[in-house]
Number of protein chains: 2
Amino acid sequence: MPRLATTSDVFTAVAEPRRRDILVYLAPREQTVTAIVKALGAAQPSVSKHLKVLRDVGLVEARREGRQVLYRTNVDALRPLHDWAAVFERFWRHQLSRVKERAERAPSGKGGKP
Amino acid sequence: MPRLATTSDVFTAVAEPRRRDILVYLAPREQTVTAIVKALGAAQPSVSKHLKVLRDVGLVEARREGRQVLYRTNVDALRPLHDWAAVFERFWRHQLSRVKERAERAPSGKGGKP
DNA sequence: CAATCATATTCCCATTTCGGAATATGTCAA
DNA sequence: TTGACATATTCCGAAATGGGAATATGATTG
């Protein structure tokens with residue numbers, strides 16, 4: 001079995017960079033498909049397909065207005081993602097000490113990993 | 001061009017449920033591959049492959065101890081994910097009013113979406 | 001060195017994914 | 001109704017994914 005269907009999982013849907021861009025673009029206010037196409041510089045069919053995926057997962061909502069369709073990010077659907085990531089917040093402090101320790105061990109910091 | 005290489009993007013790496021399970025399992029403390037195999041009930045080669053993906057993206061770190069290899073989640077590498085999701089936090093309040101409004105419009109709340 | 005435990009890698013395969021091009025559907029205007 | 005605009009869908013091909021089975025590498029012990 002290959003990867004989980006992109007249409008059933010928020011994580012997989014968000015794995016695509018273009019879809020992330022779309023979500024960011026549609027978060028402040030609803031936008032036309034054409035607007036998205038122009039903003040992202042992508043092909044229209046491609047955008048429509050991505051929007052379908054996002055809509056199937058519930059990450060965006062659509063509203064028809066005449067000839068145009070206005071899409072808008074459903075930010076609530078992103079909470080599972082945020083919540084999952086937030087679980088690790090608990091361990092950040094714990095591991096921060098390690099990072100700090102390493103940083104202090106190498107004071108001339110510029111030469112990280114070129 | 002098909003999907004983005006799972007090995008170059010944290011988002012894609014985390015798209016796989018088993019890999020998420022591994023990350024959660026390895027967050028509190030480092031664990032042996034065998035331990036992961038038992039904990040997840042997955043096949044050993046499968047786990048090793050997932051670990052390789054996670055390590056290539058920097059989501060886990062490995063340490064050899066005799067015959068065994070101890071893996072540990074690098075929680076810092078999860079920050080991009082968290083930060084990206086956190087961008088939408090700003091809009092949650094805004095959209096919460098809509099949800100609230102809808103909830104108040106339907107007082108007999110039990111029948112949500114079973 | 002041989003045997004064994006622990007982990008990694010390779011090979012094969014069914015399935016999915018995305019982009020591009022072409023085409024279909026839907027909606028408004030004249 | 002015809003035509004133009006906006007969006008959606010289908011078909012195609014190249015590339016990638018993850019599981020399973022087999023095998024390879026690494027390290028320890030006798």
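By convention in this document, chain letters (A, B, ...) are assigned in the order of the sequence lines, proteins followed by strands, and residues within each chain are numbered from 1. Keep in mind that what you see is a predicted model, and the values were worked out from it rather than measured.
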_Does atom CZ (A/Arg29) have a neighbourhood of more than 12 heavy atoms from anything else shown, all under 6.0 Å?_
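Not more than 12 within 6.0 Å, no.
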Could you check which of [options] has an atom nearest any side-chain atom of [X]?
X	options	value
B/Gln44	D/dT7, C/dA21, C/dA8	C/dA8
A/Lys52	D/dG19, D/dT9, C/dG19	D/dT9
A/Gln68	C/dA6, D/dT7, D/dT9	D/dT7
A/Ser48	D/dT7, C/dC18, D/dG18	D/dT7
A/Leu51	C/dA8, D/dA6, D/dA8	D/dA8
A/Ser46	C/dC18, D/dA8, C/dG19	C/dG19
B/Arg19	C/dT7, D/dG18, D/dT9	D/dG18

*Decide, yes or no, whether a salt bridge links A/Arg63 with A/Glu61 under the criterion of side-chain N to carboxylate O below 4.0 Å.*
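Salt bridge: no.
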Measure from [atom1] on [X] to [atom2] on [N] and round the result to the nearest Å.
X	N	atom1	atom2	answer
B/Asp9	D/dA16	CG	C1'	14 Å
B/Tyr71	C/dT7	OH	P	9 Å
A/Lys49	D/dA6	NZ	P	20 Å
A/Ile22	D/dT7	CD1	C1'	13 Å
A/Leu70	D/dA6	CG	P	13 Å
A/Gln31	D/dT7	CD	C1'	16 Å
B/Leu40	D/dG18	CG	P	15 Å
A/Glu16	D/dA15	CD	C1'	13 Å

*Could you tell me the separation between the CD atom of B/Glu89 and the CZ atom of A/Arg79, rounded to the nearest 0.5 Å?*
8.0 Å
_Nearest-0.5 Å distance that lies between atom CD in A/Glu30 and atom CD in A/Gln68_ =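 That separation rounds to 10.5 Å.
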Taking only nitrogen or oxygen atoms into account, show me every contact under 3.5 Å that the protein makes with nucleotides 25-28 of chain D, one pair per line with its distance.
| residue | atom | partner | partner atom | Å |
| --- | --- | --- | --- | --- |
| D/dT28 | O4' | B/Arg67 | NE | 3.0 |
| D/dT28 | O2 | B/Arg67 | NH2 | 3.3 |

*Does A/His50 put a side-chain nitrogen or oxygen below 4.0 Å from OP1 or OP2 of C/dG19?*
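Yes.
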*Quick one: sort the B/Phe88 and B/Phe91 rings into parallel, tilted or perpendicular, breaks at 30° and 60°.*
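Rings of B/Phe88 and B/Phe91: tilted, as their planes differ by 30° to 60°.
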*asked:* Using five pairs at each end of the helix from C/dC1-D/dG30 to C/dA30-D/dT1 to define an axis, what is the angle between those two axes, to 10°?
replied: 10°
*asked:* Whether the side chain of A/Arg20 engages the backbone of A/Ala15 through a donor-acceptor N/O pair (distance < 3.5 Å, no angle test) should be reported.
replied: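 Checking the backbone N and O of A/Ala15 against the side chain of A/Arg20, a donor-acceptor pair under 3.5 Å is found.
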*Could you list all the ring pair (Phe, Tyr, Trp, His ring centres under 6.0 Å) pairs where at least one residue sits in residues 62-83 of chain B, not counting sequence neighbours?*
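Ring pair (Phe, Tyr, Trp, His ring centres under 6.0 Å) check on residues 62-83 of chain B returns A/His82-B/His82, A/Trp92-B/His82.
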